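In this text the structure is predicted, and so the values were computed from the model without any measurement. If you read the sequence from its start, that first residue is 1, and numbering goes on from there. Read the numbers this way: they start at 1 and go in the same order the structure lists the ligands and their atoms.
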Amino acid sequence: MSVSGQEKLKVLIRRAAIQKRVREVAHQITRDFKGERVHLIGVLKGACIFLSDLVREISLETSIDFIAVSSYGKGKQSSGQVRVLKDLDSSIEGLNVVLVEDILDTGLTLSYLLRVLQQRKPRVLRVAALLDKPSRRLKPVKGDYVGFTIPNEFVVGYGLDYAERYRNLKDVCVLSLPPA
Ligand code: IMP
Ligand code: MG
């Protein structure tokens, strides 16, 4: 893996642990929606890898859609402003929706998305997040299905990026930047 400049990566969660936990979360979803269909909505781009692995472990009728929002600029700080860049392709009225997020951080993105999606009258609206950084929360939101609770570190890999890089790492890693 090529790491630019003085950026440093340290493995936080190994691929095998991610794989095991994703399977457990999928089984939980399968149990909770037994006999029903679930509609997974991935929040682009960070959730694309988590969603791809998750959906293949769910033993139910499923469908998927994606929504893209921007809440961060190029770096690590939240601008606090959320905008829909790409909306859903189809209606979610009456569906069992699981919103799939890479990470819950301040909760600004999730609280905005929940408000927007709830207005579209899904039957059920739940949240699956691979990672949760509860110490950073500004809005009182929580995931129904959380892979791992992590400390307040900036992480990349398994879909998560820093300035669009590192999404292809198989492990979730802590990224340290050189002092500014
Ligand atoms: P929130 O609105 O602050 O909860 O942040 C949501 C989005 O910020 C996530 O979906 C990520 O795309 C991004 N984000 C938050 N923390 C991290 C991190 O540690 N690494 C990479 N992206 C992050
Ligand atoms: Mg991001």
Exercise. Cut-off 3.5 Å, side chains only: do Y158 and D53 have a donor facing an acceptor?
Worked result: yes
Exercise. Using a distance-only test with no angle check, is there a side-chain donor-acceptor pair under 3.5 angstrom linking E7 and Y166?
Worked result: yes
For this session: Give a yes/no verdict on whether any heavy atom in D102 is under 4.0 Å from an atom of ligand 1.
Result: yes
Could you pull out every donor-acceptor pair under 3.5 Å between side chains of residues 145-155 and any protein atom, sequence neighbours left out?
from	atom 1	to	atom 2	distance (Å)
Y145	OH	D32	OD2	2.7
Y145	OH	R126	NH1	2.9

For this session: Compute the shortest N/O to N/O distance between G107 and ligand 1 and return yes if it is under 3.5 Å, no if not.
Result: yes
Exercise. Just which atoms of ligand 1 are under 4.0 Å from any heavy atom in L160?
Worked result: 20 (N), 21 (C), 22 (N)
For this session: Measure the distances from the heavy atoms of K133 to every atom of ligand 1 and state whether one is below 4.0 angstrom.
Result: yes
Problem set entry | Atom CZ of R37: over 12 foreign heavy atoms under 6.0 Å | yes
Exercise. Which bit of I103 is near ligand 1, meaning a heavy atom under 4.0 Å away: side chain, backbone, both or neither?
Worked result: both
Problem set entry | 4.5 Å side-chain heavy-atom contact, V97 and I41 | yes
Exercise. How long is the span from the CD1 atom in I29 to the NE2 atom in H27, to the nearest 0.5 Å?
Worked result: 10.5 Å
For this session: Can you sort out which atoms of ligand 1 are near D105, meaning under 4.0 Å from one of its heavy atoms?
Result: 1 (P), 3 (O), 4 (O), 5 (O), 15 (C), 16 (N)
Seminar exercise, completed: If we number the atoms of ligand 1 from 1 as shown, the ones under 4.0 Å from a heavy atom of V155 are 18 (C), 19 (O), 20 (N), 21 (C)
Exercise. For ligand 1, which atoms, with element, lie under 4.0 Å from some heavy atom of T106?
Worked result: 1 (P), 2 (O), 3 (O), 4 (O)
Seminar exercise, completed: If we number the atoms of ligand 1 from 1 as shown, the ones under 4.0 Å from a heavy atom of E153 are 19 (O)
Exercise. Does at least one non-hydrogen atom of D161 fall below 4.0 angstrom from an atom of ligand 1?
Worked result: yes
Exercise. Near K34 NZ, under 6.0 Å, is it more than 12 heavy atoms from other residues, nucleotides or ligands?
Worked result: no
